[in-house]
Amino acid sequence: MAPRVELSTATEARPEPRPQPLPVVVRLSLAELTVLSDRLGGVELPVDLPGVDDGSDAGVGDRLEERLSGGIPSAGQRARARLAAARADARERPQEVGLRLRELGLVDEGGTPVHDVVAAFGVLAGPEALLVLDLALTRGASEDRLRSWFAVVGSQVVQLSTASGLTFELAWYDVAHLPGALARAATVEDETAGASDLASPLVLPFELFSDGTEAVRRGRQDLLAELVRIAPRVTSVAGEEVPPEEVAPLVTSLEQASCGRLRVLVSAAQPDAVRRTAGVLSWLRVGDGWRSLAPVSRDGVPVVEISVVAPRDLARALAPVLAEVLR
């Protein structure tokens with residue numbers, strides 16, 4: 001039976017916890033990660049890098065997308081190209097890649113992955129719970145992105161992270177270190193971002209949050225005005241109702257201050273090997289800080305409650321979902 005997972009803090013007195021082993025962290029190229037997977041019999045990793053030798057028809061949609069985008073390679077094509085290059089690189093430099101893996105202590109003298117690596121890849125391939133964190137930050141015309149996969153089996157967590165798709169960070173640790181790892185993944189250092197003056201919590205009807213901000217992005221102030229006109233009168237800031245004439249400027253300010261997003265998808269393993277989505281958590285980057293997006297109901301109206309949060313709050317927000325998955 002999986003142990004009880006504690007991701008939140010409490011104030012009551014508790015026995016002094018025993019120190020947990022520190023996380024083991026190694027940095028690997030895509031070629032090195034591929035070689036390790038191959039030497040373990042082709043262990044399937046949760047990374048979104050479609051195969052190039054699987055004979056699938058995934059390229060059909062990519063070719064259509066490429067035609068529609070004027071010949072620009074799709075994200076799927078770029079991912080497959082990176083994977084193909086990594087495999088070719090590994091085949092061309094097997095001794096060099098193997099030496100690097102031995103230097104890291106990940107394979108023995110014969111090139112066989114060591115016990116800890118076998119165990120880590122086993123957790124990645126068959127987790128009881130999988131947390132997929134996707135963080136995107138807009139910087140001018142470019143977008144920085146981080147993806148992390150947290151695989152949990154019992155009290156063990158294996159984390160695989162990448163910002164480029166070319167280099168990865170592989171780590172394994174006790175579940176007691178998961179809150180710190182989640183907070184680290186959600187921490188953004190951006191000296192160019194300014195503080196936001198949007199008060200918290202902000203409550204918007206769901207249609208205004210989704211369609212209203214889209215209208216602002218498209219420069220459709222006329223559409224935004226119509227959405228505000230027909231929206232339920234439930235918009236509030238810090239508990240105070242917002243007058244109708246101030247709603248459109250508020251939605252505009254929210255969209256203009258938004259510069260990133262964070263999403264965590266939690267899924268659970270099922271007996272038939274099909275993964276079941278257990279929950280999704282979404283945050284919005286506003287200025288230099290995060291805002292949580294909580295779908296709730298006010299007087300029967302679906303609304304989004306937008307509140308100030310910090311990276312350390314991520315584990316606490318995910319705790320109920322993860323505990324439900326692992327109970």
**Prompt:** So how far is it from L131 CG to S267 OG, rounded to the nearest 0.5 Å?
**Reply:** 8.0 Å
**Item:** Option from V43, L45, L28, V97 for which side chain to side chain contact (heavy atoms under 4.5 Å, CB included) with L36 holds
**Value:** L28
**Asked** Between the main-chain N or O of T167 and the side-chain N or O of T162, is there a donor-acceptor pair closer than 3.5 Å?
**Response** yes
**Prompt:** With hydrophobic residues grouped by side-chain heavy-atom distances under 4.5 Å, do V228 and V237 end up in a single group?
**Reply:** yes
**Prompt:** Tell me, do L227 and V251 make a side-chain contact under 4.5 Å, heavy atoms counted?
**Reply:** no
**Item:** Under 4.5 Å side-chain linkage, directly or through intermediates, the cluster mates of I230
**Value:** none
**Prompt:** Is there a chain of hydrophobic side chains (I, L, V, M, F, W, Y, each step under 4.5 Å between heavy atoms) that links F206 to V216?
**Reply:** yes
**Asked** Any side-chain heavy-atom pair from L254 and L284 closer than 4.5 angstrom?
**Response** yes
**Transitive ILVMFWY side-chain link L204 to V308, under 4.5 Å** = no
**Prompt:** For P232 and P205, which heavy atoms make the closest approach, and how far apart are they?
**Reply:** O-CG, 3.7 Å
**Prompt:** Counting only N and O atoms by type, is there a donor-acceptor contact under 3.5 Å from the side chain of S37 to the main-chain atoms of L33?
**Reply:** no
**Request:** Could you grab the distance from atom CD of E143 to atom CG of L135, nearest 0.5 Å is fine?
**Result:** 9.5 Å
**Request:** Only pairs at least two apart or in different chains count here, so list each side-chain hydrogen bond (donor to acceptor under 3.5 Å, both in side chains) that has a residue in residues 230-252.
**Result:** none
**Request:** Start with the C-alpha distance between Q156 and D174, add both sets of side-chain angles, then the distance that settles side chain to side chain contact (heavy atoms under 4.5 Å, CB included), and finish with yes or no.
**Result:** CA-CA 5 Å; Q156 298 301 307; D174 187 89; 4.3 Å; yes
**Within-4.5 Å side-chain heavy-atom neighbours: L281 and R263** = no
**Prompt:** Which atom names give the shortest non-hydrogen contact between P311 and A183, and what distance separates them?
**Reply:** CB-O, 3.4 Å
**Prompt:** Apart from V25 itself, which Ile, Leu, Val, Met, Phe, Trp or Tyr residues share its cluster (side-chain heavy atoms under 4.5 Å, direct or through members)?
**Reply:** none
**Message:** Let me confirm one number: the CZ-CD distance from F168 to E32, rounded to the nearest 0.5 Å.
**Reply:** 11.5 Å
**Message:** Quick check for you: to the nearest 0.5 Å, what is the distance between I306 atom CD1 and L202 atom CG?
**Reply:** 4.5 Å
**Request:** Look up atom CG in L224 and atom OG1 in T213, then write down how far apart they are to the nearest 0.5 Å.
**Result:** 9.5 Å
**Message:** Could you check whether any side-chain N or O of S155 sits under 3.5 Å from a backbone N or O of V175, counting only pairs where one atom can act as donor and the other as acceptor?
**Reply:** no
**Nonpolar side-chain network containing V301, other nodes, edges under 4.5 Å** = V203, V234, V296, V303
**V266 with L146, same ILVMFWY side-chain cluster at under 4.5 Å** = yes
**Exercise: identify the closest heavy-atom pair between R312 and R316** = O-NH1, 4.4 Å
**Fill in**
For G126 and V153 the tightest heavy-atom approach is O-CG2, 3.6 Å
**Item:** Step-by-step side chain to side chain contact (heavy atoms under 4.5 Å, CB included) determination, D134 to R147
**Value:** CA-CA 5 Å; D134 189 354; R147 299 209 74 187; 3.8 Å; yes
**Fill in**
Minimal heavy-atom distance between R39 and G98, with the atoms involved, is NH2-CA, 4.2 Å
For residues 101-123, run the donor-acceptor check on the side chains, cut-off 3.5 Å, and write out each pair with its distance to 0.1 Å, sequence neighbours left out.
{"unit_1": "D108", "atom_1": "OD1", "unit_2": "G110", "atom_2": "N", "d": "2.9"}
{"unit_1": "D108", "atom_1": "OD1", "unit_2": "G111", "atom_2": "N", "d": "3.0"}
{"unit_1": "D108", "atom_1": "OD1", "unit_2": "T112", "atom_2": "N", "d": "2.9"}

**Message:** I need the D313 CG to W283 CH2 distance, nearest 0.5 Å.
**Reply:** 5.5 Å
**Which residues share a side chain to side chain donor-acceptor pair (under 3.5 Å) with D299, sequence neighbours left out** = none
**Item:** R285 charged N/C atom sitting above W290 aromatic ring, 6.0 Å / 45°
**Value:** yes
**Message:** Within the structure provided, determine whether L250 and L198 are in side-chain contact (heavy-atom separation under 4.5 Å).
**Reply:** yes
**Fill in**
What one should report as the nearest heavy-atom pair of A186 and L314 is CB-CD2, 4.0 Å
**Heavy-atom check, side chain of L178 versus side chain of L322, under 4.5 Å** = yes
